[in-house]
A.B. asks: 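Structure in structure tokens, see below.
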Amino acid sequence: SAVISQKPSRDICQRGTSLTIQCQVDSQVTMMFWYRQQPGQSLTLIATANQGSEATYESGFVIDKFPISRPNLTFSTLTVSNMSPEDSSIYLCSVSGEGRPHEQYFGPGTRLTVT
Amino acid sequence: GESVGLHLPTLSVQEGDNSIINCAYSNSASDYFIWYKQESGKGPQFIIDIRSNMDKRQGQRVTVLLNKTVKHLSLQIAATQPGDSAVYFCAETTTGTASKLTFGTGTRLQVTL
């Protein structure tokens, strides 16, 4: 299984500012994903980070609000832009196992609080 | 849209007993069903999966049952231990959706001594 790290692990930000979250994997992977988990709730897929092309966003999420980069097969960033208190959540990246795309491995998450 | 949901938000089980966590799904086209465990402050951890052409799969102390007739999925944990205390999510995915997972609402398992 892949080992995934995220930075920062947590942050407290003021509304109107932006935060970039980094996701690093210890091996090359094809598929990388970004999820949001609001307090006490389940995970919602934000987008699929595609290497070498624009991310694929799910309904309700847009590139202007959540720009994503994927410069290579081991790294991705998610930016939460122009933050509001409603963006307070845990943001998680995940990768899918090679040959077993439904088996995903998750990073520890970034706990974001917007004041 | 399609959704995956759970019947019980919280399940309290005595140590040593068996736990059963249930999940209902609505997408009959799902190919894989997966159970994840999320401990406090951590990301979800893959437990076990089952393909849609199976009705039972066993792992170490865990068994997943799939009933496609009633679109129901369950996770059975044998001899529940304090370390099993966590939130459990079911998820589903469909071939051709680029491995996108749809998660259920989650069940918190509390193991009492």
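Chain naming here is simple, since letters A, B, ... match the order of the sequence lines and numbering starts at 1 in each.
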A.B. asks: Do B:L11 and B:W35 land in one hydrophobic cluster if side-chain heavy atoms of ILVMFWY residues count as linked below 4.5 Å?
C.D. replies: yes
A.B. asks: Using a 4.5 Å cut-off on heavy atoms from C-beta on, say whether the side chain of B:L101 contacts that of A:S96.
C.D. replies: no
A.B. asks: Quick one: which of A:Q41, A:E58, A:R10 has the most heavy-atom pairs under 4.5 Å with chain B, could you say?
C.D. replies: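 Counting heavy-atom pairs under 4.5 Å, the top option is A:E58.
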A.B. asks: Any chain of hydrophobic side-chain contacts (each under 4.5 Å) joining A:F61 to A:M32?
C.D. replies: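 Different clusters: A:F61 never reaches A:M32 through Ile, Leu, Val, Met, Phe, Trp or Tyr contacts under 4.5 Å.
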A.B. asks: Report which part of A:Q37 has an atom under 4.5 Å of a heavy atom belonging to chain B: side chain, backbone, both, or neither.
C.D. replies: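 For A:Q37, the contact with chain B is made by the side chain alone.
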A.B. asks: Counting only N and O atoms by type, is there a donor-acceptor contact under 3.5 Å from the side chain of A:S42 to the main-chain atoms of B:G106?
C.D. replies: no
A.B. asks: If hydrophobic clusters are built by linking Ile, Leu, Val, Met, Phe, Trp and Tyr wherever their side-chain heavy atoms come under 4.5 Å apart, do A:I46 and A:I90 end up in the same one?
C.D. replies: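 No, separate clusters.
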A.B. asks: Please say yes or no: joined through hydrophobic side-chain contacts below 4.5 Å, possibly via intermediate residues, are B:V13 and B:I77 part of one cluster?
C.D. replies: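 Yes.
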A.B. asks: Determine whether more than 12 heavy atoms belonging to other residues, nucleotides or ligands lie under 6.0 Å from atom CD1 of A:I12.
C.D. replies: no
A.B. asks: Check whether the ring centres of A:Y35 and B:F103 lie less than 6.0 Å apart, and answer yes or no.
C.D. replies: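 Yes - the distance between ring centres of A:Y35 and B:F103 falls below the 6.0 Å cut-off.
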A.B. asks: Would you say A:F33 and B:Y32 are hydrophobically clustered, going by side-chain heavy atoms of ILVMFWY under 4.5 Å?
C.D. replies: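 Yes, A:F33 connects to B:Y32 through the hydrophobic network.
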A.B. asks: Side chains of A:E103 and B:I34: does their closest heavy-atom pair fall under 4.5 Å?
C.D. replies: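 No, side chains not in contact.
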A.B. asks: Quick check on A:L45 against chain B: is it the side chain, the backbone, both or neither that has a heavy atom closer than 4.5 Å?
C.D. replies: side chain
A.B. asks: Check for a donor-acceptor pair, side chain of A:Y105 on one end and backbone N or O of B:F46 on the other, with a separation under 3.5 Å.
C.D. replies: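 The answer is no, because no donor-acceptor pair under 3.5 Å joins these two groups.
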A.B. asks: Evaluate the side-chain proximity of A:T48 to B:K100: yes if any heavy-atom separation is below 4.5 Å, no if none is.
C.D. replies: yes
A.B. asks: How about B:R57: does its CZ atom have over 12 heavy atoms from other parts shown lying under 6.0 Å from it?
C.D. replies: yes
A.B. asks: For side-chain contact (heavy atoms from CB on, under 4.5 Å), just list the numbers for A:F106 and B:Q38, CA-CA rounded to whole Å, side-chain angles, deciding distance to a tenth of an Å, and then say yes or no.
C.D. replies: CA-CA 10 Å; A:F106 286 81; B:Q38 187 175 28; over 6 Å; no
